[in-house]
There are 2 protein chains.
Amino acid sequence: MNILFKALNDRTRREILEMLKEGDLTAGDIADKFNISKPSISHHLDLLRQANLVTSSKQGQFIYYSINTTVIDEILTWLLQFNNHSKTK
Amino acid sequence: MNILFKALNDRTRREILEMLKEGDLTAGDIADKFNISKPSISHHLDLLRQANLVTSSKQGQFIYYSINTTVIDEILTWLLQFNNHSKTK
DNA sequence: TGTATATTTAGACAAATGTCTAAATACTTT
DNA sequence: AAAGTATTTAGACATTTGTCTAAATATACA
């Protein structure tokens, strides 16, 4: 839970997730979209992976990143505890 | 959005929200539940208020804090963009 | 008016965070 | 084998963050 909120607490990382929502991308593809150095993006990807929000798979010299939405349900569940009153109608 | 994730990116602040879910509390009541100084809790409450996750109202010498769940919907909406595929069944 | 209680503000400090450049690793191609 | 491409690792550095103590503010009570 901690590491999840930590991973989401950065605009760049949230944007990366939004990009990956549309489809898998290589680390280089992702880095190209930002005005940030590749090592920094690599670090962001590492944090997202630690939080299990993304997975990576090496294909040749490229590393493809994919979003993992199952973990997002954890946060959704945590957040839903706060609207459990009249939300069910 | 930024300030919202920032506010939630701390275990103490998340626990404060869980406490307030059960009902309003004074700053002192909240501080008593943690092994953290009152000024630190005051600072956490300030961040939660900046994010509009809580509201406060002074009653005599006490300040009562209440949770504001409307803002949480913002995060829920943002998160739901990631499960919009087969989730609708 | 003076003292006690509730809370915040101010300022300091160590730890965590986001960024960078330089170097290392791994794969591909010639 | 050497050179080029893709990505990460290592290390440095400034900023942000969570915490603390001491002091300030505001209300209540005697």
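What you see is a predicted model; the values in this text were computed from it and never measured. So that the names make sense, note that chain A is the first sequence line, chain B the second, and so on, each numbered from 1.
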Nucleotide [N], atom [atom2] - distance to [atom1] of [X] in whole Å:
| X | N | atom1 | atom2 | value |
| --- | --- | --- | --- | --- |
| A:Glu15 | C:dG18 | CD | C1' | 15 Å |
| B:Leu48 | C:dT7 | CG | C1' | 16 Å |
| A:Lys6 | C:dG18 | NZ | P | 8 Å |
| A:Asp46 | C:dT17 | CG | C1' | 14 Å |
| B:Phe5 | C:dT17 | CZ | C1' | 18 Å |
| A:Ile63 | C:dC27 | CD1 | C1' | 11 Å |
| B:Ile41 | D:dT21 | CD1 | P | 13 Å |
| A:Leu45 | D:dA6 | CG | P | 16 Å |

Considering every strand and a 4.0 Å limit on heavy-atom distances, what is the contact class for [X]: base, sugar-phosphate, or nothing?
| X | answer |
| --- | --- |
| A:Arg11 | nothing |
| B:Tyr65 | sugar-phosphate |
| B:His43 | base |
| A:Leu47 | sugar-phosphate |
| A:Asp10 | sugar-phosphate |

Filter on side chain to side chain donor-acceptor pair (under 3.5 Å), then keep only pairs touching residues 2-12 of chain B, sequence neighbours left out; what's left?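 Only A:Arg14-B:Asn2 qualify under side chain to side chain donor-acceptor pair (under 3.5 Å).
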Please list, one pair per line, the donor and acceptor atoms closer than 3.5 Å that link side chains of residues 58-67 of chain A to other protein atoms, with sequence neighbours excluded.
| residue | atom | partner | partner atom | Å |
| --- | --- | --- | --- | --- |
| A:Tyr65 | OH | A:Arg49 | NH1 | 3.2 |
| A:Ser66 | OG | A:Asp24 | OD1 | 3.2 |
| A:Ser66 | OG | A:Asp24 | OD2 | 3.0 |

Whether B:Ser42 contacts C:dT7 is assessed here as follows: a side-chain N or O lying under 4.0 Å from the phosphate OP1 or OP2. Is that the case?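 No, because none of the side-chain N or O atoms of B:Ser42 sits under 4.0 Å from OP1 or OP2 of C:dT7.
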Between D:dT8, D:dT19, D:dT7, which nucleotide gets closest to the side-chain atoms of A:Phe62?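 From the listed options, D:dT7 comes nearest.
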Quick check on B:Lys33: does its NZ atom have over 12 non-hydrogen neighbours (other residues, nucleotides or ligands) under 6.0 Å away?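 No, NZ of B:Lys33 has 12 or fewer neighbouring heavy atoms, counting only those of other groups under 6.0 Å.
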Sugar-phosphate or base contact per nucleotide [nucleotides 23-30 of chain D; S, B, -; heavy atom under 4.0 Å]: ---SBS--
With sequence neighbours excluded, residues passing side chain to side chain contact (heavy atoms under 4.5 Å, CB included) with A:Leu76: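 For A:Leu76 the side chain to side chain contact (heavy atoms under 4.5 Å, CB included) partners, ignoring immediate neighbours, are A:Ile72, A:Asp73, B:Leu76, B:Leu79, B:Leu80, B:Asn83.
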To the nearest 0.5 Å, what is the distance between OG (B:Ser40) and CG (B:Asn35)?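 So the gap between those two atoms works out to 11.0 Å.
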Check whether any side-chain heavy atom of [X] sits under 4.5 Å from a side-chain heavy atom of [Y], and report yes or no.
| X | Y | answer |
| --- | --- | --- |
| B:Phe34 | B:Met19 | yes |
| B:Phe82 | A:Leu53 | no |
| B:Arg13 | B:Leu45 | no |

Measure across A:Ala51 and A:Leu4 and return the closest heavy-atom pair with its distance rounded to 0.1 Å.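 For A:Ala51 and A:Leu4, the tightest heavy-atom pair comes out as O-CD2, 3.9 Å.
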Selection: residues 18-38 of chain B, any non-hydrogen atom under 4.0 Å of DNA chain C: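 Those residues are B:Thr26, B:Ala27, B:Gly28, B:Lys38.
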Going by salt bridge (Lys or Arg N to Asp or Glu O under 4.0 Å), name the residues that satisfy it together with B:Lys38, two or more places apart in sequence or in a different chain.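 Expected list: B:Asp32.
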